[in-house]
Amino acid sequence: MTPHRIGIIGLGKIAQDQHLPVIKANPNFQLLAVSSTRGLTHEDAQYTFQDYRDLLKLKDVEAVAICTPPQVRHAIAREALLAGKSVLLEKPPAATLSELEDLRLLGEKLGKTVFTTWHAQYNKAVDEAKKALAGWSIKRLQVTWKEDVRHWHPGQQWIWQAGGFGVFDPGINALSIVTRIMPEPVFIKTADLEFPANRDAPIAAALQFQTGHTDGNLQAVFDWRQTGPQTWDIEVETEAGFALKLRHGGSCLEIDGRLVVQEEPAEYQGIYRRFDALLTIGRSEVDDAPFRLVADAFMIGKRVQVDAFED
């Protein structure tokens, strides 16, 4: 089969660390072009542009991976769809739920694939956790997602701007696992959002969840100020008494203290395998469940001002 010819719009850290090497290793894709407002290039790309609109003029480009900050993603994705390209959306897929719904409807109208990528879901341990929890009532959920923003987003200012999501940029990864593995829908009950005095996005958040039949001990703590070892853990206890723990961002699963899955993360390999399948059958996959939880947290959240943050 002829590989899907793809372009990348936005050559930031995630594109360089994940998208480029994964595309290169997947024979079902061929990197044809890249676009970077900073003028970055890549040796595997036949074409390089600063203006993404020039990339979209290439007739041979079948699809684009949009790896820009979320504030501008909707406009770019919309132009891409109208130019006849399918779109892969980095997370979070847009700045608002309304923007994402617009892209879903436009892709449906034009017969193009729209694919929301929640990379943390593409771990075997997450799939096994979902199977283990199926049909059970949940007694306790504890999400602990703490990392060092200076390490993962050095010097990046868009994450602190309105629409940049702040600590929910990594926190949405945890929520994507929660919405994947929980046997029933989860809702935000309360949210305390800590905003640095000099920033428009939160640096930490404490969430309380509830489900349709319980508002028990279901919570999450996100923090961008942790130095040293990083913490990406999800613990779940069922009413039946068994407990599981997902560690290392969803790549390791323990059930009742017994190690069940421990694998090196291969999340973006899974993303591009799925994108290949969707492009081949001409289908979209738009999952907004993690995004809705973030929107709800901002909607009902209590703003708490904390010390100013400097890079």
Side-chain angles (χ1 to χ4, degrees), residues 4-24 29-96 98-100 102-103 106-107 112-117 119 149-170 172-173 198-201 224 268 271-272 275 291 309-311:
H4 306 290
R5 293 184 171 181
I6 191 170
I8 295 179
I9 298 176
L11 283 183
K13 182 174 174 58
I14 197 66
Q16 295 177 42
D17 291 351
Q18 298 289 349
H19 291 264
L20 287 168
V22 169
I23 289 171
K24 184 174 184 176
F29 288 92
Q30 176 189 350
L31 180 65
L32 193 63
V34 296
S35 171
S36 166
T37 57
R38 294 180 292 164
L40 301 178
T41 63
H42 193 270
E43 60 185 9
D44 294 337
Q46 186 175 343
Y47 303 97
T48 299
F49 303 99
Q50 279 193 279
D51 191 329
Y52 70 88
R53 298 173 184 84
D54 293 325
L55 185 155
L56 296 179
K57 293 175 184 177
L58 294 177
K59 293 182 179 180
D60 289 342
V61 171
E62 176 185 354
V64 291
I66 302 176
C67 305
T68 64
Q71 294 98 322
V72 298
R73 209 166 279 159
H74 170 257
I76 295 172
R78 206 172 204 288
E79 289 187 56
L81 290 167
L82 291 171
K85 321 300 183 188
S86 292
V87 296
L88 179 155
L89 302 169
E90 250 297 344
K91 63 86 193 167
T96 69
S98 297
E99 287 182 349
L100 181 58
D102 179 58
L103 295 178
L106 184 60
K112 294 299 174 183
T113 296
V114 178
F115 180 33
T116 54
T117 60
H119 63 79
V149 64
R150 291 184 175 91
H151 174 76
W152 298 103
H153 295 275
Q156 295 181 12
Q157 296 306 309
W158 62 266
I159 55 173
W160 296 113
Q161 297 167 359
F165 291 79
V167 76
F168 283 96
D169 180 76
I172 204 170
N173 296 329
N198 59 340
R199 304 289 180 170
D200 292 323
W224 241 353
Y268 280 81
I271 283 173
Y272 275 92
F275 195 35
F291 204 16
F309 176 85
E310 302 297 343
D311 291 331

Any chance you could measure Leu20, atom CG, to Cys67, atom SG, to the nearest 0.5 Å? 8.0 Å

Begin from the C-alpha positions of Ile8 and Ile23 and carry the test side chain to side chain contact (heavy atoms under 4.5 Å, CB included) through to its verdict. CA-CA 10 Å; Ile8 295 179; Ile23 289 171; 3.8 Å; yes

Close side-chain approach of Asp169 to Trp152, heavy-atom, < 4.5 Å: no

Using side-chain heavy atoms (C-beta onward) and a distance below 4.5 Å, is Leu32 in contact with Glu62? no

Would you confirm whether Arg38, through its side chain, and Leu11, through its main-chain N or O, come within 3.5 Å as a donor-acceptor pair? yes

Considering all heavy atoms, the nearest Ala77-Val87 contact: O-CG1, 4.0 Å

Side chain to side chain contact (heavy atoms under 4.5 Å, CB included) partners for Ser98, two or more places apart: Thr96

Just by distance, do the side chain of Arg150 and the backbone of Trp224 share a donor-acceptor pair under 3.5 Å? no

Kindly indicate whether the side chain of Leu88, heavy atoms from C-beta on, has any atom under 4.5 Å from the side chain of Ile6. no

Hey, does the side chain of Lys85 reach the backbone of Val61 with a donor-acceptor pair shorter than 3.5 angstrom? yes

Closest non-hydrogen contact found for Phe275 with Ala63 is CZ-CB, 3.8 Å

Short side-chain donor-acceptor distance under 3.5 Å, His19 and Glu90: yes

Roughly how far, to the nearest 0.5 Å, is NE2 of His74 from CG of Asp102? 3.5 Å

Any side-chain heavy atom of Ile66 sitting closer than 4.5 Å to one from Tyr52? no

Indicate the atoms forming the closest heavy-atom contact of Phe165 with Ala201, along with that distance. C-CB, 4.2 Å

Heavy-atom nearest pair, Tyr272 first then Ala65, reads OH-CB, 3.6 Å

CG/Asp44 to NZ/Lys24 distance, rounded to the nearest 0.5 angstrom? 4.5 Å

Classify the ring geometry of Phe49 against Tyr47: parallel below 30°, tilted from 30° to 60°, perpendicular beyond 60°. parallel

Report the residues that fulfil side-chain hydrogen bond (donor to acceptor under 3.5 Å, both in side chains) with Gln71, sequence neighbours left out, ordered by chain and then residue number. none

Do Gln156 and Gln161 pass the side chain to side chain contact (heavy atoms under 4.5 Å, CB included) test, and can you show the C-alpha distance, the side-chain angles, and the key distance before you say yes or no? CA-CA 10 Å; Gln156 295 181 12; Gln161 297 167 359; over 6 Å; no

Of all heavy-atom pairs linking Asp200 and Ala162, the shortest is CB-N, 3.8 Å

Sub-6.0 Å ring centroid separation between Trp160 and Phe309: yes

Got a second to check how far Arg5's CZ is from Lys59's NZ, nearest 0.5 Å? 14.0 Å

Tightest non-hydrogen contact, residues Ala15 and Pro21, listed as O-CD, 4.3 Å

Are Thr48 and His42 packed together at the side-chain level, in the sense that at least one heavy-atom pair is separated by less than 4.5 angstrom? no

Working to the nearest 0.5 angstrom, can you tell me the gap between Leu89 CG and Arg73 CZ? 7.0 Å

Under a 3.5 Å distance rule, please check whether Gln30 uses its side chain to pair with a backbone N or O of His4 as donor and acceptor. no

Mind running side chain to side chain contact (heavy atoms under 4.5 Å, CB included) on Ile76 and Val64 for me, showing each step along the way? CA-CA 10 Å; Ile76 295 172; Val64 291; over 6 Å; no

For Lys112, the option from Leu103, Leu81, Leu82, Leu106 that meets side chain to side chain contact (heavy atoms under 4.5 Å, CB included): Leu81

Could you measure the distance from the CD atom of Glu79 to the CG atom of Leu55? Nearest 0.5 Å is fine. 12.0 Å

Short side-chain to backbone donor-acceptor contact, Ser36 and Gly10, under 3.5 Å: no

